[in-house]
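As the structure is a prediction and not an experimental result, all values here were calculated from the model. Order of listing sets the numbers, starting from 1, for every ligand and every atom in it.
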Amino acid sequence: MLSKPMQDALNCQINVEFASANQYLALSAFFERINMKGCAHWMRIQHEEELAHGMKILDYIHDRDGEVTIGTVEAPDTNWGTPQEGFQAALDGERQNSKQIGDLVELATSEKDHSTHAFLQWFVNEQIEEEATAQDIIDKLTFVGDDRTGQFMIDQELAQRVPPPETQAEQD
Ligand code: FEO
């Protein structure tokens with residue numbers, strides 16, 4: 001059984017994941033607009049990943065016989081002018097999300113909720129990967145700068161991204 005503070009915090013995190021999904025969807029639209037379709041594809045898959053993260057928490061609350069509440073999801077900031085700014089926004093969002101996952105882990109510890117603590121470790125590891133991936137793409141974009149051929153090659157590389165199994169499962 002989840003404590004009330006733990007349940008509230010997990011419900012809040014569902015909202016964070018869905019807000020993150022919205023931001024990635026907006027970023028996908030931004031990259032479509034500037035004709036970087038590989039980046040748009042990458043962002044679209046990330047959008048699906050974030051939805052899957054939210055659903056994973058939702059399912060967990062149900063598994064623990066808790067009560068799910070869905071809140072209002074804020075519209076994302078869309079103030080990006082360059083590919084780097086788009087991916088920097090993604091990285092900033094992931095860093096913020098990592099902090100919130102960390103806060104959830106601390107709460108699970110203080111509530112002596114070992115099940116939720118174990119459940120959250122998947123998210124802790126996921127955040128390491130998500131921050132590293134976004135940083136890697138920013139580094140590549142910074143390396144090529146305004147060179148259109150370099151940007152085209154990065155775009156081609158990101159077009160190869162394959163949806164991870166958890167998003168496939170959601171779609172089946
Ligand atoms: Fe659900 Fe990108 O963290």
Side-chain angles (χ1 to χ4, degrees), residues 2 6-31 36 38-64 66 68-80 83-108 113 115-141 154 157-172:
L2 294 168
M6 196 74 250
Q7 177 175 289
D8 288 348
L10 287 169
N11 272 314
C12 187
Q13 187 63 26
I14 293 175
N15 202 269
V16 169
E17 301 291 348
F18 287 170
S20 176
N22 263 5
Q23 184 178 44
Y24 280 112
L25 194 57
L27 280 162
S28 178
F30 165 70
F31 280 107
M36 293 185 76
C39 293
H41 166 80
W42 191 96
M43 292 291 180
R44 182 87 167 241
I45 290 180
Q46 193 59 37
H47 158 73
E48 290 165 10
E49 267 207 33
E50 299 301 343
L51 289 180
H53 295 170
M55 296 305 286
K56 196 178 180 79
I57 299 167
L58 182 150
D59 286 339
Y60 175 74
I61 295 172
H62 282 149
D63 285 347
R64 300 295 309 283
V68 168
T69 51
I70 304 295
T72 305
V73 180
E74 278 183 36
D77 214 350
T78 55
N79 204 18
W80 318 297
Q84 283 100 323
E85 285 174 9
F87 275 94
Q88 186 62 51
L91 178 58
D92 292 346
E94 291 303 341
R95 284 176 174 159
Q96 180 60 28
N97 202 1
S98 297
K99 184 184 172 315
Q100 292 181 239
I101 295 290
D103 290 346
L104 281 173
V105 171
E106 283 184 26
L107 181 61
D113 184 344
S115 304
T116 301
H117 191 281
F119 168 74
L120 289 170
Q121 297 315 301
W122 184 91
F123 287 88
V124 171
N125 290 319
E126 179 75 1
Q127 286 309 121
I128 294 169
E129 184 197 317
E130 297 215 331
E131 284 191 38
T133 304
Q135 184 65 65
D136 184 53
I137 297 168
I138 291 167
D139 291 345
K140 286 177 180 167
L141 286 168
I154 293 168
E157 182 189 331
L158 297 189
Q160 306 306 314
R161 184 176 185 188
V162 175
E166 66 262 26
T167 61
Q168 295 290 300
E170 291 299 320
Q171 290 166 357
D172 286 346

Open item on the list: Can you tell me which N/O/S atom of E130 has the shortest distance to atom 2 (Fe) of ligand 1?
Closed with: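 The E130 atom nearest to atom 2 (Fe) of ligand 1, restricting to N, O or S, is OE1.
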- [ ] State whether a side-chain donor-acceptor pair under 3.5 Å links Q13 with E17.
- [x]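 Side chains of Q13 and E17: pair found under 3.5 Å.
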- [ ] Using distance alone, with no hydrogens and no angle criterion, decide if Q88 and D92 have a side-chain donor and acceptor under 3.5 Å apart.
- [x]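 There is such a pair (donor and acceptor under 3.5 Å, judged by atom type) between the side chains of Q88 and D92.
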TODO: Start with the C-alpha distance between F31 and Y24, add both sets of side-chain angles, then the distance that settles ring pair (Phe, Tyr, Trp, His ring centres under 6.0 Å), and finish with yes or no.
DONE: CA-CA 10 Å; F31 280 107; Y24 280 112; over 10 Å; no
Open item on the list: Among the N/O/S atoms of H53, which is closest to atom 1 (Fe) of ligand 1? Give the atom name.
Closed with: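 Going through the N, O and S atoms of H53 one by one, ND1 ends up nearest to atom 1 (Fe) of ligand 1.
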Open item on the list: Suppose we only allow N, O or S atoms; which atom of E17 ends up nearest to atom 1 (Fe) of ligand 1?
Closed with: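 Answer by atom name: OE1.
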TODO: Applying ring pair (Phe, Tyr, Trp, His ring centres under 6.0 Å), run through W122 and Y60 and close with a yes or a no.
DONE: CA-CA 12 Å; W122 184 91; Y60 175 74; over 10 Å; no
Open item on the list: At a threshold of 2.8 Å, where the distance has to be below it, does atom 2 (Fe) of ligand 1 have an N, O or S atom of E94 nearby?
Closed with: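 Short answer: yes, at least one N, O or S atom is under the cut-off.
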Open item on the list: Below 2.8 Å, can you find an N, O or S atom of E50 next to atom 1 (Fe) of ligand 1?
Closed with: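 Yes.
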TODO: Pick out which of R161, K56, R44 makes a salt bridge (charged side-chain N to carboxylate O under 4.0 Å, His left out) with E49.
DONE: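 For E49, the salt bridge (charged side-chain N to carboxylate O under 4.0 Å, His left out) check succeeds only for R161.
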